[in-house]
Amino acid sequence: MIRFEHVSKTYPNGTVALSDVGFSVAAGTIHAICGENGAGKSTLMKILSGLELPSAGSISINGEPVRPDSPRAAAALGIGMVHQHFSLIGSLTVTENILLGQEPRRGPFVDRAKARARVLDLAARYSLDVDPDAKLATLSVAAQQKVEILKALSRDTRILILDEPTAVLSPPETEELFRRLVALRESGLTILFISHKLKEVRALAQQVTTLRAGRVSGDAPMSAISDDE
Ligand code: ADP
Ligand code: ADP
């Protein structure tokens with residue numbers, strides 16, 4: 001279980017992005033974070049994934065206080081993030097992108113065959129088919145997103161965060177993504193799904209926390225939310 005307590009964030013320019021945010025995420029669920037643009041959703045997930053530090057407040061995972069101060073530290077806690085603007089490099093292959101930066105001293109590409117096999121393993125394990133040798137820039141956006149998801153899952157990930165993942169997908173691609181996410185939840189992952197459209201996560205998420213101007217304005221099981229909200 002992930003618990004946010006009294007989390008606040010003021011950016012250096014004075015913008016107050018989060019004020020006294022508190023809620024819990026149950027393990028093994030899909031939990032939606034909803035709210036209009038500017039509500040603080042990305043900031044909250046950046047704090048969980050080590051891209052920003054909170055100005056105040058705390059986070060715990062299974063009762064242990066955590067304070068990830070880099071994506072690497074978050075990965076060590078089993079947290080992986082799928083960015084809205086992917087963190088991938090167009091001129092590199094799928095394999096290179098997924099394993100980039102994981103073994104900085106020895107480098108993951110010393111043994112190319114091994115790296116490639118690892119990516120194929122990962123793709124099979126999560127049923128996300130990718131061509132390990134394709135140059136990233138030659139892939140469709142939906143295929144690039146699969147690579148971004150595999151990258152986020154590549155380090156014993158237990159908590160997967162997705163920031164507005166449907167923004168770049170067609171309706172059939174969205175359906176496919178949702179099927180994959182349900183399968184990932186069934187395999188035990190906890191999924192945090194950021195969306196500015198409550199409607200789209202209605203059938204997917206078990207719980208929804210709504211942010212409004214940096215504060216929690218709602219936190220309820222999806223089944224308790226009426227259709228016109
Ligand atoms: P959301 O994801 O809900 O759209 P954000 O967390 O991106 O919201 O933004 C919350 C507020 O913080 C907005 O007013 C946004 O402009 C501001 N903000 C986000 N990132 C920064 C930053 N790096 N520096 C200053 N202000 C920021
Ligand atoms: P992503 O969702 O992929 O992390 P965003 O589009 O939310 O990317 O933000 C891109 C970058 O711009 C981030 O580093 C974010 O912190 C920054 N940013 C967002 N809003 C503001 C703002 N109002 N002022 C300054 N920086 C901002």
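When a ligand or atom number is given, it counts from 1 through the structure's own listing order.
Here's the thing with K41: one of its N/O atoms is less than 3.5 angstrom from an N/O atom of ligand 1. Considering backbone and side-chain N/O atoms, N37 never comes within less than 3.5 Å of an N/O atom of ligand 1.
Remark: among candidates A213, A39, A17, the nearest residue to atom 12 (O) of ligand 1 is A17, based on non-hydrogen atoms. When the heavy atoms of C34, G38, G14 are ranked by distance to atom 11 (C) of ligand 1, first place goes to G38.
Residue contacts with ligand 1: G35 is excluded, as none of its non-hydrogen atoms falls under 4.0 Å. In this structure, E36 has a heavy atom closer than 4.0 Å to ligand 1.
Inspection of the H6 and S58 side chains reveals no N or O donor paired with an N or O acceptor under 3.5 Å. For the residue pair R116 and T95, no side-chain donor N or O sits within less than 3.5 Å of a side-chain acceptor on the partner. Side-chain N/O atoms of S42 and D163 include a donor and acceptor closer than 3.5 Å.
The ligand atoms of ligand 1 that sit less than 4.0 angstrom from a heavy atom of T15 are 12 (O), 14 (O), 17 (C), 26 (N).
Here the side chains of R185 and Q206 are in contact, with some heavy-atom distance below 4.5 Å. Here the side chains of I61 and I79 are in contact, with some heavy-atom distance below 4.5 Å.
Contact annotation for T43 and ligand 1: heavy atoms of both the backbone and the side chain come within less than 4.0 Å of the ligand.
By the ring pair (Phe, Tyr, Trp, His ring centres under 6.0 Å) test, F4 is found to be paired with F23, residues two or more places apart in sequence or in another chain being considered.
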